[in-house]
Structure formats: C-alpha cells, structure tokens
Amino acid sequence: MKKNSMSPKRKRTIGQIMNRKEVAGYVFILPFLIGFFGFIILPMLVSFGFSFTRFNILKTPSFIGLQNYITMFTSDATFWKSFGATLYYVVFSVPLRLIMALIVAMLLVKSTKLSGFYRAVYYLPSIIGSSVAVAILWKRMFASNGVINAMLQSTGIPSTIAWLGRTDTAIWTLIILAVWQFGSSMLIFLSGLKQIPVSLYESAKVDGANGIHRFIKITLPMLTPTIFFNLINQIINGFMAFTQSYIITQGAPRDSTLFYTVYMYQNSFAYGKLGYGCAMAWVMVMFVGLITFILFKSQKRWVYYEAER
Amino acid sequence: MNDYVLKRRVTKVIYHVFTFLFAFVMIYPVLWMALSSFKDTNEILKTAQNLFPEKFTLKNYITGWKGFGGYSFGIFFRNSFIIAGISTIGAVASSAVVAYGFARCDFKLKSLWFSCMLLAMMLPFQVIMIPQYILFNRLGWVGTYLPIIVPQFLGQGFFIFLNIQFIKGIPMDLDEAANMDGCSVYKIFIKIILPLIKPSLVTSAIFSFMWRWDDFLSALIYLSDPLTYPVSYALKMFADPTAGSDWGAMFAMATLSLFPIFVIFLTMQKYLVEGIASTGIKG
C-alpha cells in the first residue's frame, strides 16, 4: 500500500494491528459487547441484588433478605392470580395460534394467482396486532354495545353479554386477539412446508396413502423442527404479553386478566415496590428459562431432524 | 375427462370462496375501525353491525387531531417519527457492523459471544425493563428519549442474525480479491459488503421502524411530559376513560396511527415475508 509507506512507522503498526482479523473482529462486535454487558448483564446483576431489598426509587434500598420471595410465594394472592391468568392465556393461545397458522399455511401452500393477496391479508394482523390502536379497537368490539354483540343480534341471537366484564369471557377476548395474529407463524410454516420434498408425497401416493395419512406420516414429522421453533418463540412471547392486558382489560374483572408483566409493572411503578418488582423479574427469568430448557430437552423425543437418521 | 375438468373447477371455486371469506373475516375488525372513523360517534355505538357509514364525515379527524391538554396529534406524530427514525438508523447501522464481525472475522471466544448474542435475541424486553429502569434512572436519563434510543445503537439480535445469514451468502473470493489489492477489513466492509447486503439492511429497517412505531411499553415507563409522547402512548392517554369517550375521534386517531404501518406493509411486503421466512422473526 502506497499510503502506508508514507506514514510514520508507529502508525503503520497500529494500522496493521487493527487490520488483523482477530483484532478487527472485536472492533466490529464492540457495540454488541457494550450493549450486552452494559445494558443487559450489569442491570440484571444489579437487580438481582435489589431483589433482596425493600426499594423505592426515592429512598435508599434496605436489605431484607429473602423477604420479597417469601411474600411472593406465600402471602401474595394477586401474584398467584396473575401467574395463573398468564399461564391460562399461554396454554390456550399458543396451541390455538399454531394450529390456525398450520391450517392456513396448508391452505396457502398451493400457489394460485391470489396467493400473494391472501398471504398479505392473513399476515396483516401480526403486523399491527400489538399496537395500542388495535387494543382500543378490541375494547370497543367486545363492549356490550360493540360490533360482536351487534352482529350476533342481527343474526337473531339476542346477545348483550359484557364480554370484558365477566371472569369467564374477558380472558378469551385476549386469547382471540392473540390467535388472530397467527400470520407470522403461518409464514414460517409456509416456508417449512415448501421445503418438504414432493417425492415423499408421490411415493406415498403410489403406496395408496390417503390425505390424512400423508399429513400424519409425512407433513407433521417433517414440520416438527418448524413447530418446535415456533413453539419456543410463542411461549416466551405469550408470557411477556403486556399491552393487551394493560389497555383492554386493565386486569379486570377481579384480576382474571391481570398478566404477570402488568402486575410486575404495577408493583414497580405504581406501588413503588421496585425491590419486589426486581424479584418478580427474576422469578420470570427463571421460569421462562426452565420452560425453554425443558422444551429443548424434549426435542429428542419428538423433533425430527433429517441429518440424524 | 370432462368430469375430471368439472370436478377440478368446482374444487377451485370452493377453495377460493372459502379462503376469500376467511380472509375477509380476518381483516374485518380493521376495516370496521377504519370505516367507522368516518361515522358519527352515535352511529358507531348504535349501528355497530354496519360496515359503511350512513353519512360520511371527517369530523372525527378534526376533533381527534386536536389531541388533549393542548397537545395536538401533530406533536405526537412528530415525536414518533423522531424516535422510530433515529432508533432505526442506529439499529440498522450497528447490527450490520456487528454482523460483519461475526460473519467474516475469526477471533478468540467468538463462539461464546455468538451464543451470548443468541441469548440476548431470545431475552424479551419485559425481563430487563425494571433492571434497565434502575440503571437509566441513575444515569439521569428518565424523561428523555435516551433510554429508548441508545440501546438501539448497540446492535439488535434479530437484525444481526439476519445480516450474518446474508453476508455468509456472499462469496469469500470477493473479500480475498480486495485483500490482495490492499484493502483493509474495514474498507472491504464499507466498499464491498455493505452495498451487497442492501436487501437485509432494508428488511432490518422496515422491521425496526414498525416495532419502534408500535412500541408503547418503553414510552409508558420513561416518558412523563405529554410534549414528548409518541403516538402509541398518546393514543392510550387519549382513550383513558377520564378523557371522555369520543369513540369516533379515537377511531380516527387509531386509524391514522396505523397508516404509516399500512404504507410500509403494502410497499415493502416482499422484504417482510422473506425476512420472516429466513430467520423466523416474530411479526
């Protein structure tokens, strides 16, 4: 390099050092390292310390040992209610969403002139579903004089149910909102379906297997890696749901839709119990980590990877 | 033979009728909100089953735009564009740089850092929001845009991942040829790699902008002055029962808040679909 030979010797060596790939690698990933340690690891460790304190942002924290955790597990009924509501939401919304995504993906895998249009329409709710705008819309739709009841009435069913006011229906409005957003899972399934070799289906047809048979013996096993991936993603996202509960139902009625994250938020910011909030955050990390771990362990039993067999 | 053709036609028609009807049901809530925003508020409440307004009116947009407490939605839209715009620039640029390091350089502990990156990608914001709040409060950042924007400049897992996959698809020969010509790694990144990964940069930018635009939680935690509210948070305040219940105006502003997302969705759909299919990004 002409330029380098002109510059002083010391500078050239710095340039050379910087250009060595092992050094350059660190220069490139430096933003990530700063973010990872500064904004994730450090705050997490600090908050672990604060989870053993009584801590209000205005006062200095005072050490109270395991008290936050003990209170949470033994005497905070709302904690358990919020945990139960979140679990209920995840247990129903995740499988329903995935089943819906798979059905529609199988419907759209056949390409027609309208495929692009259908795909766009089914995908749209995923794009806007977590916005405040849609939360407001949902609140109105399920109001006692909302569009759901109005439509039921016009088909002759005299429904005046206050969907958001009853403990048995309120959580289902949130589950329906979650299932409505099956679009991104559908796209992932769609690309998974397109990777299944056509030859498999053809030889099955020759052997006289019918549609249901082909689905159970070929489509499902070949899709298990995609299902697994979707499942982990959706479960984590499900436990993290916030906006829906916070805006649409505010946890009502009687905390039946109070999600874990909302209760954590309330403790930390509305009740000024930041130490308790930190403890709740850590319990959530442990719980979601445990579920992810179990799912990864269960992989061997049901997820089919071609290369292995 | 004729029977066969007929049967195929019938199946095709049934398929399209069903898929179309179901698509209509899916889109109906949004359509209903958008069209209801042109109805009189009384009409929204009384004849909710109607899709089209009896009398078309722009009144809701005029009253809605005025916002609340003397702050118009013009301010909120401006804030959203600032937050989402700067965040997106930061996320796209930093993620491309980090991705290049992972994709093309060999260095000590690389696989460890890569695992950390995947971990950070899986870790939801809700888990770290309270720890981060304590940190940003110490730094005196609460009440400003810094806690929302600065983390975006330090690489975003999904976009790093997307870019790595894209860079790996570029032949190494290009790098090597440039190296022979005396290009430094940095020059190779800027002159050769960056222009070639435009599609993944665009995909990252689209997702980043849409997510930041929709983001409500960080505004809820960090912002308290209405002058700084983004549209998402302003809508929530606007919809609070204390502010009255002018559903027409609320629908108008809610529809307007989705408008930028619709435009991006319609024009950039190809990038979105490919981005999801190749990385499994959540929508």
Side-chain angles (χ1 to χ4, degrees), chain A residues 1 19 21-22 24-26 28-29 31-32 34-36 39-40 43-44 46-47 50 57 107 114 118-128 130-133 136-137 140-141 145-147 150-151 154 183-184 187-188 191 229 233 236-237 240 242-243 247 261 268 274 277-278 281 284-285, chain B residues 16 19 23 26-27 29-30 32-33 45 48-49 94 97-98 100-102 105-108 110 113 116-117 120 122-124 126-128 130-132 134-135 137 151 153-155 160 182 184-185 210 214 216-217 221 232 235-236 239 247 250 254 257-258 261 265 269 273 276-277 280 282-283:
Chain A
M1 263 177 95
N19 202 22
K21 282 219 165 174
E22 57 262 48
Y26 271 99
F28 279 110
I29 69 162
F32 164 73
I34 294 172
F36 185 67
F39 291 161
I40 297 178
M44 290 284 282
V46 170
S47 81
F50 281 134
I57 204 76
L107 211 59
L114 287 170
Y118 291 144
R119 207 175 49 196
V121 172
Y122 288 122
Y123 177 44
L124 184 67
S126 290
I127 295 270
I128 57 170
S130 58
S131 65
V132 175
I136 290 173
L137 162 66
R140 183 91 288 271
M141 274 171 61
N145 59 347
V147 68
M151 283 183 127
S154 62
S184 56
L187 289 180
I188 299 171
S191 73
F229 178 82
N233 248 332
I236 293 178
N237 282 333
M240 297 308 137
F242 179 88
T243 310
I247 293 181
T261 50
S268 313
L274 220 46
C278 288
M284 180 159 69
V285 172
Chain B
H16 280 291
T19 318
M26 284 288 293
I27 206 78
V30 187
W32 179 73
M33 178 171 80
L45 300 178
Q49 69 276 18
S94 61
V97 170
V98 174
Y100 180 75
F102 277 123
C105 299
D106 281 315
F107 48 90
K108 276 183 192 145
K110 181 170 152 177
W113 299 133
C116 288
M117 198 275 288
M122 300 283 282
L123 201 70
Q126 285 84 335
V127 166
I128 49 169
I130 289 164
Q132 275 193 351
I134 295 169
L135 172 77
N137 188 53
F153 278 77
L154 299 170
I160 297 174
S184 68
V185 235
M210 293 201 307
D214 273 348
F216 154 75
L217 190 49
I221 293 173
S232 55
L235 261 182
K236 197 260 160 201
W247 282 100
M250 255 180 262
S257 81
L258 293 178
I261 304 288
F265 178 75
Q269 213 214 107
V273 171
I276 290 207
K282 65 187 168 93

Under 4.5 Å heavy-atom distance to chain B, tell me which part of [X] shows up: side chain, backbone, both or neither.
| X | value |
| --- | --- |
| A:F32 | both |
| A:M284 | side chain |
| A:S268 | side chain |
| A:I247 | side chain |
| A:Y118 | side chain |

### Query
Taking the side chain as C-beta and beyond, is there a heavy-atom pair between A:F36 and B:M117 under 4.5 Å?
no
### Message
Can you confirm whether B:T19 sits close enough to A:Y122 that some side-chain heavy atom of one is under 4.5 Å from a side-chain heavy atom of the other?
### Response
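In contact.
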#### Entry: Steps toward side-chain contact (heavy atoms from CB on, under 4.5 Å) verdict (A:M141, B:M33)
CA-CA 9 Å; A:M141 274 171 61; B:M33 178 171 80; over 6 Å; no
## Note on the structure
Heaviest contributor of heavy-atom pairs below 4.5 Å to chain A, chosen from B:I134, B:I128, B:I261, B:L123, is B:I134
### Task
Name the option with the most non-hydrogen atom pairs under 4.5 Å to chain A; the candidates are B:S94, B:A254, B:S257.
B:A254
For [Y], is there any backbone N or O sitting under 3.5 Å from a side-chain donor or acceptor partner on [X]?
| X | Y | value |
| --- | --- | --- |
| A:Y26 | B:K108 | yes |
| B:Y100 | A:F28 | no |
| B:Q126 | A:T261 | no |

For chain B, the option from [options] that forms the most heavy-atom pairs under 4.5 Å:
| options | value |
| --- | --- |
| A:G146, A:S47, A:A120, A:G183 | A:A120 |
| A:T243, A:L107, A:L274, A:V46 | A:L107 |
| A:I236, A:V285, A:V132 | A:V132 |

Answer with side chain, backbone, both or neither: which region of [X] has an atom nearer than 4.5 Å to a non-hydrogen atom of chain A?
| X | result |
| --- | --- |
| B:D106 | backbone |
| B:W247 | side chain |
| B:M210 | side chain |
| B:F265 | side chain |
| B:L135 | side chain |
| B:Q132 | both |
| B:S232 | both |

Which atom names give the shortest non-hydrogen contact between [X] and [Y], and what distance separates them?
| X | Y | result |
| --- | --- | --- |
| B:A23 | A:V121 | O-CG1, 3.5 Å |
| B:V185 | A:A24 | CG2-CB, 3.8 Å |
| B:A239 | A:I136 | CB-CD1, 3.6 Å |
| B:D214 | A:I128 | OD2-CA, 4.4 Å |
| A:P43 | B:P131 | O-CB, 3.3 Å |
| B:L154 | A:G35 | CD1-CA, 3.6 Å |

### Task
Would you sort out whether A:M44 and B:V127 count as a side-chain contact (heavy atoms from CB on, under 4.5 Å), showing the intermediate values?
CA-CA 9 Å; A:M44 290 284 282; B:V127 166; 4.2 Å; yes
### Query
Measuring from B:F107:CZ to A:I29:CD1, what's the distance to the nearest 0.5 Å?
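Separation between the atoms: 4.0 Å.
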### Approximate separation, where rounding is to 0.5 Å, of A:R140 CZ and B:M250 CE
9.0 Å
